[in-house]
There are 2 protein chains.
Amino acid sequence: MQSFTEENYLKTIYYLATRQQGEVSTNALAEMTATKAASVTDMLRKLADKQLIHYKKYQGVRLTEEGERLALQIIRRHRLWEVFLVDKLGFRWDQVHEMAEELEHIRSEELVERLDTFLGHPQFDPHGDPIPTPAGQMPETGYQKLSEMVAGEPVQLMGVLEHSTEFLQHLDRSNLTLGCTVVIREVNTFDRSVQVQLVGGQTVFISYEVAKNLLVNQPAG
Amino acid sequence: MQSFTEENYLKTIYYLATRQQGEVSTNALAEMTATKAASVTDMLRKLADKQLIHYKKYQGVRLTEEGERLALQIIRRHRLWEVFLVDKLGFRWDQVHEMAEELEHIRSEELVERLDTFLGHPQFDPHGDPIPTPAGQMPETGYQKLSEMVAGEPVQLMGVLEHSTEFLQHLDRSNLTLGCTVVIREVNTFDRSVQVQLVGGQTVFISYEVAKNLLVNQPAG
DNA sequence: ATAAAAATTTAGACTAACCTAAATTTTTAG
DNA sequence: CTAAAAATTTAGGTTAGTCTAAATTTTTAT
Ligand SMILES: [Mn+2]
Ligand SMILES: [Mn+2]
Ligand SMILES: [Mn+2]
Ligand SMILES: [Mn+2]
């Protein structure tokens, strides 16, 4: 049985590990959890004692199998609750993250499985993130960043890498909705901004900062 | 902003205050919260500092208006989540209390009001307990204990005073469901047990221990 | 009315999760 | 290959919420 805090560390270690190779550093964790490095060290020793992470002093940290299973369980709960808040209660996709941060810690296997059934076994959360399986597997998506695509291709907007209210509302104002198909008209070599055309014909300018955080796939392949 | 622990104390003070006259005692709180009297004293000083209770050393405790408002807000959340778990997720009425104990602390005004709308503004939780208003008023029910009724009257089973799994499952096995109408056939003067007849004709024997925890009203009046 | 019993508070300590400042180890740059 | 910089850990504290044991106040019973 883990505390809220321990669960949040596991989730954060998972998150950072998927965005880099090798071990996760103490400083990176301190920044993400908005605490100090000394506090992180304390917690790492505790999680290592519980066999949830591999930890050698000064060498960074990596989840054990059990630690990863727990992290994915928490992410599963987070994403299912987000689906509930959007699909059932009518919240917007930019409003749900903070509530899900609390709901993800409600501990009941049966609750989360019944919620999953109630929601119709969704595969993705409102931000396009895949929902881990009950057994603790993260589905592969094969999505690519819009910022890495070349002009000419039609792509479908599938997910976001940034979940802040500001970013999501910016997409709403640009008429960029998850699932929509766009054709890449031009990639500006100077600032790496992208110009895309929506199915309706509207042209949207997307800065590199934004394109970097948009996940797409190619409907053809 | 209160902690989980402070919220639980407020709720417990409210609960004990409605079941007796006068102030709530330190020992009663210690028993209900499964802590020790010394710990309760610490917390009472803290809640008094925050003006959530009236507290004079050795004299017991009473909620302030603000304290009562908060207590009722937490009870409102608890009962709405219980309705959600039973009506939407299909849990039985004897399974939901522990989960609601956690869910009641999720802090978002908008969440609870959207949940209320989603559930169709229910007036009662799965145990027949009235749901406080958003403004923090506890609706009056006028229900009476089955143990105080006399033979001959038809009554409707409206609520329970005991929420344990064992008690609720006992009612299920006795075919006593909320909302059902029964006629009181006999009240045994020796052990105060009650014999009632269901609409289908079945006769059920109810011990005083059980009858004391059943709330009914008289359909006529 | 007073002594014993019960209830309550105070004193002093513990744990989890955090902090700052100092010490240590690793990395980087000349 | 070393010295400075950066990262990390250790040392020593803090706060919330809990505990036990001792002191104090209130209640009860002769
Ligand atoms: Mn989220
Ligand atoms: Mn999400
Ligand atoms: Mn309950
Ligand atoms: Mn209830």
Side-chain angles (χ1 to χ4, degrees), chain A residues 1-13 15-17 19-63 67 70-71 74 101-102 104-105 107, chain B residues 1-13 15-17 19-63 67 70-71 74 101-102 104-105 107:
Chain A
M1 199 102 307
Q2 301 75 231
S3 66
F4 276 34
T5 311
E6 288 169 315
E7 290 193 345
N8 283 334
Y9 271 89
L10 290 176
K11 209 177 45 153
T12 307
I13 294 167
Y15 177 85
L16 290 172
R19 271 161 189 72
Q20 53 165 78
Q21 79 282 57
E23 337 298 300
V24 174
S25 77
T26 301
N27 267 0
L29 282 166
E31 184 175 358
M32 276 285 291
T33 57
T35 61
K36 296 304 159 78
S39 309
V40 172
T41 302
D42 283 350
M43 181 57 81
L44 294 184
R45 204 145 32 71
K46 180 151 81 148
L47 293 174
D49 286 350
K50 292 193 176 189
Q51 320 248 46
L52 300 176
I53 58 174
H54 295 291
Y55 172 54
K56 280 211 285 280
K57 283 205 301 192
Y58 295 101
Q59 305 305 299
V61 85
R62 191 162 48 80
L63 291 173
L70 286 173
I74 299 154
E101 284 293 308
E102 299 189 41
E104 72 189 5
H105 300 290
R107 214 180 320 266
Chain B
M1 197 102 306
Q2 303 74 230
S3 65
F4 276 33
T5 311
E6 288 169 316
E7 291 193 345
N8 284 332
Y9 272 91
L10 290 175
K11 209 177 44 151
T12 307
I13 294 167
Y15 177 85
L16 290 172
R19 270 160 189 74
Q20 53 166 78
Q21 79 281 58
E23 337 299 298
V24 174
S25 77
T26 301
N27 267 0
L29 282 165
E31 185 175 358
M32 275 284 292
T33 56
T35 62
K36 295 304 159 78
S39 310
V40 172
T41 301
D42 283 349
M43 181 57 80
L44 294 184
R45 202 145 33 71
K46 179 151 82 149
L47 293 174
D49 286 349
K50 293 193 175 188
Q51 320 245 50
L52 299 175
I53 58 174
H54 296 291
Y55 171 54
K56 281 211 284 280
K57 282 204 304 193
Y58 294 102
Q59 306 305 297
V61 86
R62 192 161 49 78
L63 290 173
L70 287 172
I74 300 154
E101 284 294 308
E102 299 189 42
E104 72 189 3
H105 301 289
R107 215 180 317 270

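Note that the structure is predicted; figures quoted are calculated from it, not measured. Naming convention: chains lettered A, B, ... in sequence-line order (proteins, then strands); numbering from 1 in each chain.
- By the 30° and 60° cut-offs, the orientation of the rings of B:Phe4 relative to A:Phe4 is perpendicular.
- Checking C:dC18, D:dT18, C:dA11 against every side-chain atom of A:Thr35, the shortest atom distance belongs to C:dC18.
- For the pair A:Leu44 CG and D:dT8 P, the computed distance is 10 Å after rounding to whole Å.
- Contact annotation: the side chain of A:Glu23 never approaches that of A:Gln59 to less than 4.5 Å [non-hydrogen atoms, C-beta and beyond].
- At least one side-chain nitrogen or oxygen of B:Lys36 sits closer than 4.0 Å to the OP1 or OP2 atom of D:dT20.
- Phosphate proximity of C:dA6 to B:Asn27: absent, as no side-chain N or O sits under 4.0 Å from OP1 or OP2.
- Closest to the side chain of A:Thr26, from the set C:dT10, D:dT8, D:dT26, is D:dT8.
- Under the 3.5 Å distance criterion, the side-chain polar atoms of A:Glu31 are left unmatched by any main-chain donor or acceptor of A:Ala28.
- The phosphate of D:dT10 (OP1 or OP2) has a side-chain N or O of A:Lys57 nearer than 4.0 angstrom.
- Rounded to an integer number of Å, the gap from CG of B:Asp42 to P of D:dA16 is 11 Å.
- The CD atom of B:Gln59 sits 12 Å away from the C1' atom of C:dT9 (whole-angstrom rounding).
- More than 12 heavy-atom neighbours from other residues, nucleotides or ligands sit within 6.0 angstrom of CD on B:Glu101.
- A close approach under 4.0 Å does not occur between any side-chain nitrogen or oxygen of B:Tyr55 and OP1 or OP2 of C:dT8.
- Going from atom NZ of B:Lys56 over to atom C1' of D:dT26 covers 15 Å, rounded to whole Å.
- Between B:Ser39 and D:dC19 there is a side-chain polar atom (N or O) within less than 4.0 angstrom of OP1 or OP2.
- Side-chain nitrogen and oxygen atoms of A:Thr41 include none within less than 4.0 Å of the OP1 or OP2 phosphate oxygen of D:dT10.
- Here the side chain of A:Ser25 is nearest to one of D:dT8, D:dT9, C:dC19, namely D:dT8.
- Between A:Thr5 and C:dA16 there is no side-chain N or O to OP1 or OP2 distance below 4.0 Å.
- Heavy-atom distances to DNA chain C give each of A:Ala38 and A:Phe4 a nearest nucleotide, and the one nearer the 5′ end belongs to A:Phe4.
- Closest to the side chain of B:Tyr58, out of D:dT18, D:dT9, C:dT8, is C:dT8.
- Atom pair B:Glu31:CD and C:dA7:P shows a separation of 11 Å (rounding to whole Å applied).
- As a whole-Å value, the separation of B:Glu6 CD from D:dT15 P is 16 Å.
- Between the CD atom of B:Glu23 and the P atom of D:dT26 there is a distance of 14 Å, given to the nearest Å.
- Look at OH on B:Tyr9: it is 8 Å from C1' on D:dT18, rounded to the nearest Å.
- Ionic pairing of B:Arg107 and B:Glu7 is present here: one or more N-O contacts between side-chain nitrogen and carboxylate oxygen are shorter than 4.0 angstrom.
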